[in-house]
Amino acid sequence: MAFLAGPPRRLEDSGNTVTYRHLLSPQAMTVFNPLRTIAHCDIDAAYAQFESVRLGLPDDIPLICAQWQSIIAVNYPARKYGIKRFNTIDEAKKLCPHLYVQHVATYRNGESEAGYWGEVDPQTHKVSLDPYRRESLKILAIFKELVPKGEIEKASIDEAFLDLTPMAIDRLLLVHPYLASVPEDAPDGLDSALPPAPPIDWSKAGNVFPADGEEGAREVTTWEDWALCMGAEIMAEVREEVWKRLHYTCSAGIAHNKAMAKLCSAWKKPNNQTVLRMSATSAFLRDMDFTDIRFLGGKLGQAIATEYNAQTVGDMLTVPLEELQAKFGEESIWVYNIIRGIDHTEVTARVATKSMLASKNVRPNVKTPEQGHHWLGVLAGELNVRLRDAREISPGLWPKTLVLSHRTGIEPSRSRQIPFPFTRNLSTEYILKFARRLWDEATQPMNKGNMKLNNIALAFTGLEKLEEGQQGIEGFFASKVSLDAINIKRSRSNSPAGSPKKPRLPTLHTGKRKTPLEAFLAKGESSASSSTVQANPVPNGWTCPKCGALITPSDPVEARSGSLAAEKQEHEDWHFAMSLQGGGTGGSGSGEQGARPKAKVKKKPQGIKAFFTPKG
DNA sequence: CTGGTGAGC
DNA sequence: GGCTCACCAG
């Protein structure tokens, strides 16, 4: 039974020797590879920086981003004046009289486009975070372009994890070409240990968190450190590129796993990065506040901290695994591991959104159906434009359900949902029809004069890319058949009789003009392949270097007027959209060891579908 | 399908 | 505090 006591071990994880297999075998590229190199990156005071750049302000102007009377972001120049997020705007202005206060964009009474206005009124306006989502996508596009080989996980609107392992190994082999082949006389072939690692020049890697008693003492350099250094150099280049192209500064952490990368990205801010080597992990974690660790900032973390009277990670290290699991469940092994710097969770390629919420705290309270309908219209209008926008980047994107939530006073909010049938004619009105139905159900129990809502929210959930076949026939006819009929007619046999031809459902390409954002997003992809494009010209057409598809002008009449170029661009956009959605090189697909709360062991489906299948 | 938790700006 | 997002339990 003794072998069950420790954390799980695998061949790849054996001891502390790095072998040629770790470096060269694709099969060894799992979460257990000791050379694994993960970065976490977040934009410094994101919303405030977005606004400062949008306004074209100099970098040293103190600015806060406001939402009604509260502050949601404080840029670093403003922080010098002691301004915090929880200050009121008046307090902030007292601390810094020349502070630039910028309110977030808003929709004015249900207008179809959000904008920046001189005056904003919470009674008539609805906050829009769309401008920030767009910036977020631009940044992700740069990550994707500069880190084409590793997975990228969008963690929030301004944070991402990057698996730098493949790129770091490439660079390592570039610097040490002799590692690329196993020596003839290596005793164990691929499983032979690498030669001793030479000293490292960390000068381009940013901050390196010091290990215990390291000052001047002899320190053993490892190949794991080399991988981190290569990753850190890559990350520094990525950050530099974000700065050059978008003028945003960001902070990053580079470590062997996600949890540590996330923690050390916050070590030096702003505009800085920190490397956390294995040998420095315990020194780094020991004095850290236990509840600063991701997923331990809430009730669970509090419960554990209280149980063991622990403040720092160091305080928790004496708690035996068995005891922890006895009190907090089998799953709490991830806590045991993470305070030791161990985290085997994967960087899951995900940049597509799974839900869209438009929420409004209404002032004054909504007391009549008429007031409710007004706000429903505003919320539906926002969802309409957001889904439209998302579909330009992710064609075929469609929500499974529409959800209405509402809250009365301090009661917990209630929600109701309804399937959201596909239509080719998405409109605010279409969304509203379903939203109203939910509203009627939800407000049914409220007696006249009893209604007093202070929050109303509308959300799309189960956002997925529909393939043509999945776009139900009943959905296709939605605009022609009464809505009541749609809800009843779910089965194919109920579809209108005598519709022999499969309807031509919306194609992947809308053929619409590109927005500046799309053009921007497409740029990286097309320029990257442009040299290849030149190399294989096809008379009267173009062969995609990525998939081999032959693109010819669909309309001969328009052929001379740039139609081919447009279709080529569209095709490349499509590839880009696919790559953004995580269709890159497949994941490593190794099993998980419960390193995260409730992590499930899942078998990965094959191919591109894998990224769109609902979790089962 | 509904509610709750956790995180972040 | 307002507005998001993801994930999970029952």
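Letters A, B, ... are given to chains in the order of the sequence lines, protein chains preceding strands, and every chain is numbered from 1.
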Integer-rounded Å distance: dA6(C) P and L463(A) CG: 9 Å
Close residues, residues 402-414 of chain A, relative to DNA chain B [heavy-atom separation under 4.0 Å]: P412(A), R414(A)
Below 4.0 Å: OP1/OP2 of dA6(C) and any side-chain N or O of K354(A): no
Any H40(A) side-chain heavy atom under 4.5 Å of E159(A) side chain: yes
Touch class at under 4.0 angstrom, heavy-atom based, for A48(A) against every strand present: nothing
Whole-Å distance separating the NE2 atom of H125(A) from the P atom of dC3(C): 14 Å
N or O in side chain of S359(A) less than 4.0 angstrom from dT4(C) OP1/OP2: no
S415(A) side chain near dG3(B) phosphate (N/O to OP1/OP2, under 4.0 Å): yes
N or O in side chain of K262(A) less than 4.0 angstrom from dG8(B) OP1/OP2: yes
More than 12 heavy atoms of other groups within 6.0 Å of K93(A) NZ: no
Residues E135(A), R54(A): salt bridge by 4.0 Å N-O rule: no
Sugar-phosphate, base or nothing in reach of D158(A), heavy atoms under 4.0 Å: sugar-phosphate
Phosphate-side-chain proximity, N361(A) and dC3(C), N/O vs OP1/OP2 below 4.0 Å: yes
W68(A) CH2 - dC3(C) P separation (whole Å): 7 Å
Phosphate OP1/OP2 of dG2(C): any K360(A) side-chain N/O under 4.0 Å: no
dC1(B) phosphate, OP1 or OP2, under 4.0 Å from Q417(A) side-chain N/O: yes
Heavy atoms of other groups near N450(A) CG, more than 12 under 6.0 Å: yes
Below 4.0 Å: OP1/OP2 of dT4(C) and any side-chain N or O of R133(A): yes
Interface residues of residues 69-80 of chain A with DNA chain C (non-hydrogen, below 4.0 angstrom): S70(A), I71(A), I72(A)
Pairing of D440(A) and R437(A) as salt bridge, 4.0 angstrom limit: no
Along DNA chain C (nearest heavy atom to each residue), the more 5'-positioned of A155(A) and R363(A): R363(A)
Set of side chain to side chain contact (heavy atoms under 4.5 Å, CB included) partners for V53(A), sequence neighbours left out: H247(A), Y248(A)
Nucleotide dT4(C), atom P - distance to CZ of R134(A) in whole Å: 14 Å
Gap between atoms CG and C1', on L383(A) and dT4(C) respectively (whole Å): 12 Å
Rounded distance in Å - CZ (F295(A)) to P (dA6(C)): 13 Å
